[in-house]
Protein chains: 2
Amino acid sequence: MTSTKESIINIADDLIRRRGYNAFSYNDISKMLFVKNAAIHYHFPSKSDLGVAVIEFHIQKVEHFIKRVAPLSEPEKVEEFLNIYDQIQTNKKVCLVGTLATDWDTIDEKIQQKLTVFVTIVGDWLTSVMEEGLKKGTLTFKGDPRTRAMLIITSIMAAAQMAKIMGSESFKSVKNAILNELNRR
Amino acid sequence: MTSTKESIINIADDLIRRRGYNAFSYNDISKMLFVKNAAIHYHFPSKSDLGVAVIEFHIQKVEHFIKRVAPLSEPEKVEEFLNIYDQIQTNKKVCLVGTLATDWDTIDEKIQQKLTVFVTIVGDWLTSVMEEGLKKGTLTFKGDPRTRAMLIITSIMAAAQMAKIMGSESFKSVKNAILNELNRR
DNA sequence: AGATCTACTTACTTACTAGTAAGTATTATA
DNA sequence: TATAATACTTACTAGTAAGTAAGTAGATCT
């Protein structure tokens with residue numbers, strides 16, 4: 001992949017998670033890269049193509065993450081997972097799923113499909129971590145593993161959004177609460 | 001207030017929570033009301049004015065809600081609160097806070113301020129419900145009341161967003177998990 | 001050396017955005 | 001009954017959006 005193509009994806013990712021899908025334009029990207037907007041259209045004919053590429057980039061990143069944390073214990077895996085959102089929140093962004101969910105009815109079907117794949121990968125992984133933790137006794141929680149996984153994802157996702165409004169403190173307390181909840185009593 | 005002005009707020013509210021703040025225009029509203037876009041500008045000179053009015057409308061609604069549920073028990077109050085999101089999710093919308101949080105960096109400072117007020121009202125109310133529930137023993141949870149309140153708000157808010165991607169089932173399981181968590185063991 | 005491919009630029013189109021100035025019909029007020 | 005306020009319409013502006021057709025400089029292949 002050319003460096004320009006990679007840069008476009010990186011900038012688009014940043015803009016989507018900072019300002020929302022409908023608030024960024026090819027012009028924003030082209031100005032930042034000192035090229036013309038047609039150059040962006042050369043690499044990604046339509047905005048939807050770019051949107052799909054951004055999600056694919058995230059799928060790659062999460063698959064790499066899953067491999068990286070594989071040797072860790074279940075509580076450590078959860079903590080590493082929450083640390084991703086820590087970074088998102090520190091950089092005053094929100095998570096990709098959150099932004100695109102609120103723009104859902106305005107995004108192309110191809111983007112919707114890719115996002116569903118992304119959420120499925122993350123959801124399945126965290127569910128398996130919950131299952132393992134329950135079996136080994138390293139994690140304690142009520143309800144089934146899938147629901148617990150969804151509860152963690154939704155909480156931390158919205159906590160990053162809430163931090164935009166109420167500041168970092170609200171994020172940190174929610175993050176710690178999720179962690180405490182899972183600890184053995 | 002004129003019926004047109006009320007209609008504009010209602011339609012804007014619907015569009016914001018269905019498509020996002022940056023994906024709706026005065027033209028969308030004017031077409032639905034069979035008036036010209038200048039008519040919308042007559043009632044709300046700028047889009048920010050309309051945005052502020054929509055949040056004020058929500059503040060009114062939540063203040064009415066708080067009065068309505070005042071005689072109920074704490075578990076009932078929480079359940080009624082979650083039922084609001086049930087309706088949001090059924091109508092394939094998301095909550096106002098969620099959408100505007102993801103668009104935060106693109107919205108006017110006046111809208112940001114009003115949204116902070118709205119979140120503070122809801123947060124303070126749910127915190128007081130948590131405090132009461134803890135004191136009376138009608139609610140069981142770990143951690144402090146404010147954090148628990150934020151955890152409930154973030155979970156249910158993001159669950160409505162997640163439902164857009166993964167369907168109603170994910171919402172229902174998260175909602176039930178929140179309720180189960182608070183029940184006396 | 002000529003042809004082709006890559007990564008663009010130039011120059012444009014169509015459509016829509018928020019917003020405004022000036023005019024008008026209807027209703028309320030003094 | 002004249003005046004003024006209300007709730008619009010008509011007709012426009014300046015700016016920006018996504019997207020495209022045609023051309024070009026430089027590298028790569030044959």
Side-chain angles (χ1 to χ4, degrees), chain A residues 1-55 57 99-100 102-112 114, chain B residues 1-55 57 99-100 102-112 114:
Chain A
M1 208 185 317
T2 63
S3 70
T4 306
K5 197 164 185 175
E6 278 178 337
S7 298
I8 293 168
I9 293 172
N10 273 298
I11 293 171
D13 173 44
D14 193 84
L15 289 172
I16 289 171
R17 281 157 60 212
R18 237 178 250 285
R19 306 169 54 83
Y21 184 80
N22 292 306
F24 93 92
S25 71
Y26 273 32
N27 230 316
D28 295 331
I29 300 173
S30 62
K31 270 180 195 159
M32 290 174 81
L33 288 176
F34 303 102
V35 293
K36 301 296 157 187
N37 77 323
I40 319 291
H41 280 284
Y42 168 75
H43 291 288
F44 303 99
S46 78
K47 201 179 173 181
S48 299
D49 296 322
L50 179 52
V52 168
V54 167
I55 301 170
F57 171 62
T99 354
L100 293 180
T102 63
D103 295 336
W104 189 256
D105 292 4
T106 72
I107 59 178
D108 193 279
E109 216 176 298
K110 282 178 189 171
I111 301 181
Q112 291 181 348
K114 267 283 177 234
Chain B
M1 208 185 316
T2 63
S3 71
T4 305
K5 197 165 184 174
E6 277 177 339
S7 299
I8 293 168
I9 292 172
N10 273 298
I11 293 170
D13 174 44
D14 194 83
L15 289 171
I16 289 172
R17 281 157 61 212
R18 236 178 251 284
R19 305 169 56 82
Y21 183 80
N22 293 306
F24 94 91
S25 71
Y26 273 32
N27 230 316
D28 295 331
I29 300 173
S30 62
K31 271 180 195 159
M32 290 174 80
L33 288 176
F34 303 102
V35 293
K36 301 297 157 186
N37 78 322
I40 320 291
H41 279 285
Y42 168 76
H43 291 288
F44 302 99
S46 78
K47 200 179 172 180
S48 299
D49 296 321
L50 179 51
V52 168
V54 168
I55 301 170
F57 171 62
T99 352
L100 293 180
T102 63
D103 295 335
W104 189 254
D105 292 4
T106 72
I107 58 178
D108 192 279
E109 214 176 298
K110 282 178 188 170
I111 301 180
Q112 292 181 349
K114 267 283 177 236

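Below, all heavy atoms of this structure are taken into account, side chains as well, without hydrogens, waters or symmetry copies. Each chain gets a letter, A, B and so on, in the order the sequences are listed, and its residues count up from 1.
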Tell me: CZ of A:Phe34 to P of C:dT9, nearest whole Å?
12 Å
If the condition is side chain to side chain contact (heavy atoms under 4.5 Å, CB included), which residues does A:Ser48 pass it with, not counting sequence neighbours?
A:Tyr21, A:Ser46, A:Asp108, A:Ile111
Could you tell me the separation between the NE2 atom of A:His43 and the C1' atom of C:dC8, rounded to a whole number of Å?
7 Å
Residues at least two apart in sequence or cross-chain that pass salt bridge (charged side-chain N to carboxylate O under 4.0 Å, His left out) with A:Lys114, listed by chain then number, are A:Glu56
Can you pull the salt bridge (Lys or Arg N to Asp or Glu O under 4.0 Å) pairs that have at least one residue in residues 8-24 of chain B, sequence neighbours excluded?
B:Asp13-B:Arg17, B:Asp14-B:Arg18, B:Asp14-B:Lys93
Tabulate protein N/O versus nucleotide N/O from nucleotides 10-17 of chain D, keeping only pairs under 3.5 Å, one per line.
{"from": "D:dA17", "atom 1": "OP1", "to": "A:Ser25", "atom 2": "OG", "distance (Å)": "3.0"}

May I ask you to verify if any side-chain N or O of A:Thr4 is less than 4.0 angstrom from the OP1 or OP2 atom of C:dC8?
yes
Nearest-Å distance for atom pair NE2/C1', residues A:His41 and C:dT6
19 Å
Nearest whole Å is fine: how far is D:dG19 C1' from A:Asp108 CG?
15 Å
Going by the rule side chain to side chain contact (heavy atoms under 4.5 Å, CB included), which residues pair with B:Tyr42 if we only count those two or more places apart in sequence or in a different chain?
none
Output the rounded distance in Å from CZ (A:Phe44) to P (D:dT20).
16 Å
Return yes if some donor-acceptor pair links the side-chain N/O of B:Lys47 with the main-chain N/O of B:Phe24 below 3.5 Å, else return no.
yes
B:Tyr42 OH to C:dA25 P: how many Å, rounded?
17 Å
For A:Ala39, the side chain to side chain contact (heavy atoms under 4.5 Å, CB included) test, sequence neighbours excluded, returns A:Val35
